[in-house]
Amino acid sequence: MIARPHILFIDGLPGSGKSMAAKAVGGHIHNSRVFAEITPNHPLLVGTPDPVGAGFADIHETHSADSFAAAALRKLESFLETAGGDVLHVFESHPIQSTVRVLFQLDAPRMTILHFWSDLQERLGYVQARLIYFRENNPLEAISEIARKRDPTWKSYLIELTQRSPWMQSRALSGLEGVDQMLVEYANLVDQLVDLWRYPILKLSARPESYEQRTDALTKWVAASVTSSRP
């Protein structure tokens, strides 16, 4: 019997601690491979990330929403064809931040995004896929907190990224006001998609009282899941 690939997605809004969680899982689980959002030659990304992240500010110059969705699904299919079943493949900021968020940027109709989300999960049907999602109850407060903590250039990067997007341009929005509106609508969409996830999922707070306790909870959940599914 051929072992099915083990896939773990760790996702949430910017600044929710996805990278930290992915590193913790990689250090805790034997035979795991972590793909950060800016990993060179990332097997699932459609396009090349910039030094800050997979913003893809210019993706609309090469892709429509439909062509991007098709390319993302092809990337997933290609990876799953060669992914070994003896390794836990950990993807940080995927499939929401690196795919759904880009479709949202491209101003894809909600039904297009829902259809993509369904197609993606169908392709995961024969693998052992899990999702850790960091839920944010107040995205505007969270993004303000992140902006205070990070280098000032990050805020400028965020504004530039969003205001060049078809979503922002089609609504004649710009600046921080446009960023805030875009973030709220995106966060609501993501919460809806997470509720439609068909496979094992662990939902945790994006801003917990104790990050150490959150890390402990998620690594134990992953370890138990992997152990129970391996022969």
Would you mind reporting whether Leu8 and Ile29 have side-chain heavy atoms less than 4.5 Å apart?
no

Within-4.5 Å side-chain heavy-atom neighbours: Leu158 and Ile143:
yes

Any donor and acceptor pair, going by atom type alone, linking the side chain of Ser118 with main-chain N or O of His115 inside 3.5 Å?
no

Taking the basic N atoms (NZ, or NE/NH1/NH2) and the acidic carboxylate oxygens, is any pair closer than 4.0 Å for Asp195 and Lys203?
yes

May I ask whether Ile146 and Met20 are part of the same hydrophobic cluster, defined by side-chain heavy atoms of I, L, V, M, F, W, Y residues being less than 4.5 angstrom apart, directly or through others?
no

What's the verdict on side chain to side chain contact (heavy atoms under 4.5 Å, CB included) for Val100 and Ile113, showing C-alpha distance, side-chain angles and the deciding distance?
CA-CA 7 Å; Val100 170; Ile113 297 176; 4.1 Å; yes

Is there a donor-acceptor pair under 3.5 Å between the side chain of Asn138 and the backbone N or O of Glu141?
yes

Determine yes or no for a side-chain-to-main-chain donor-acceptor pair under 3.5 angstrom, with Ser16 supplying the side chain and Ala206 the backbone.
no

Check step by step if side chain to side chain contact (heavy atoms under 4.5 Å, CB included) holds for Arg110 and Leu189.
CA-CA 8 Å; Arg110 184 165 292 249; Leu189 169 66; 3.6 Å; yes

CD of Gln128 to CZ of Arg130: how many Å apart, nearest 0.5 Å?
5.5 Å

Please tell me if the side chains of Phe9 and His94 come closer than 4.5 Å, counting only heavy atoms from C-beta onward.
yes

Has Ser144 got a side-chain atom pairing as donor or acceptor with Leu140's backbone, closer than 3.5 angstrom?
yes

Spacing of Glu122 atom CD and Leu73 atom CG [to the nearest 0.5 Å]:
9.5 Å

Going by the salt bridge (charged side-chain N to carboxylate O under 4.0 Å, His left out) test, which pairs reach into residues 166-178, not counting sequence neighbours?
Asp107-Arg171

Does one side chain, of Gln163 or Ser174, offer a donor that lies under 3.5 Å from an acceptor on the other?
no

Heavy-atom closest pair, residues Leu173 and Gly178:
CB-CA, 3.9 Å

Taking the side chain as every heavy atom from C-beta outward, state whether Val25 and Val34 have any atom pair closer than 4.5 Å.
no

Hey, could you give me each pair passing ring-ring contact (aromatic ring centres under 6.0 Å, His included) that has a residue in residues 176-224? Not counting sequence neighbours.
Phe104-Tyr186, Trp117-Trp197, Trp197-Tyr199

Could you point out which residue of Leu204, Leu193, Leu202, Val190 forms a side-chain contact (heavy atoms from CB on, under 4.5 Å) with Tyr133?
Val190

Between Gly26 and Ser32 the two heavy atoms that sit nearest each other are O-OG, 3.3 Å

Assess whether a salt bridge exists between Lys18 and Asp11, defined as any Lys/Arg side-chain N lying under 4.0 Å from an Asp/Glu carboxylate O.
no

Closest approach of Thr215 and Ala24, non-hydrogen atoms and distance?
CG2-CB, 3.5 Å

In terms of heavy-atom contacts, Ala83 and Pro5 come closest through O-CG, 3.5 Å

Using the ring-ring contact (aromatic ring centres under 6.0 Å, His included) criterion, which residues pair with His42? Sequence neighbours excluded.
Phe35, Phe91

How many angstroms lie between atom CG of Leu114 and atom CD of Gln192, to the nearest 0.5 angstrom?
5.0 Å

Can you find a pair of side-chain heavy atoms, one from Arg123 and one from Glu77, that are under 4.5 Å apart?
yes

Verdict with reasoning, His6 to His89, per side chain to side chain contact (heavy atoms under 4.5 Å, CB included)
CA-CA 6 Å; His6 293 262; His89 305 279; 5.6 Å; no

Taking Ser98 for the side chain and Ser93 for the main chain, is one N or O donor matched with an acceptor at less than 3.5 Å?
yes

Please indicate whether Asn41 has more than 12 foreign heavy atoms, meaning atoms of other residues, nucleotides or ligands, lying under 6.0 Å from its CG.
no

Walk me through whether Arg101 and Ser165 qualify under side chain to side chain donor-acceptor pair (under 3.5 Å).
CA-CA 11 Å; Arg101 192 257 313 156; Ser165 70; over 6 Å; no

Could you walk me through whether Gln169 and Arg164 pass side chain to side chain donor-acceptor pair (under 3.5 Å), step by step?
CA-CA 7 Å; Gln169 293 180 2; Arg164 290 162 62 185; over 6 Å; no

I'd like to know if the side chain of Asn188 and the backbone of Val184 have a donor-acceptor N/O pair within less than 3.5 Å.
yes

Inter-residue atom distance Glu37.CD - Leu44.CG, 0.5 Å rounding:
12.0 Å

Between the side chain of Ser67 and the main-chain N/O of Ser64, is any donor-acceptor distance below 3.5 Å?
yes

Heavy-atom side-chain contact between Ile96 and Val194 under 4.5 Å
yes

Around atom CD of Gln213, are there more than 12 heavy atoms of other residues, nucleotides or ligands at under 6.0 Å?
no

Assess whether a salt bridge exists between Lys23 and Glu92, defined as any Lys/Arg side-chain N lying under 4.0 Å from an Asp/Glu carboxylate O.
no

Before you tell me yes or no, could you show the steps for Leu88 and Ile7 under side chain to side chain contact (heavy atoms under 4.5 Å, CB included), namely the whole-Å CA-CA distance, both residues' side-chain angles and the distance that decides it to 0.1 Å?
CA-CA 6 Å; Leu88 173 66; Ile7 309 293; over 6 Å; no

Quick one: pull up OG1 in Thr162 and CG in Leu183 and give me the separation to the nearest 0.5 Å.
9.5 Å

Side chains of Thr39 and Arg33: any donor to acceptor distance under 3.5 Å?
no

Does Gln97 reach the main-chain N or O of Leu13 with its side chain, forming a donor-acceptor pair under 3.5 Å?
no

Separation between CG of Leu176 and CG of Asp180, rounded to the nearest 0.5 Å
6.5 Å

Looking at Phe134, I'd like to know if the NZ or CZ of Arg214 sits under 6.0 Å from its six-membered ring centre while staying within 45 degrees of the ring's axis.
yes

Answer whether the closest heavy-atom distance between the side chains of Asp191 and Arg135 falls below 4.5 Å.
yes

Identify the residue among His60, Gln105, His63 that makes a side-chain contact (heavy atoms from CB on, under 4.5 Å) with Phe68.
His63

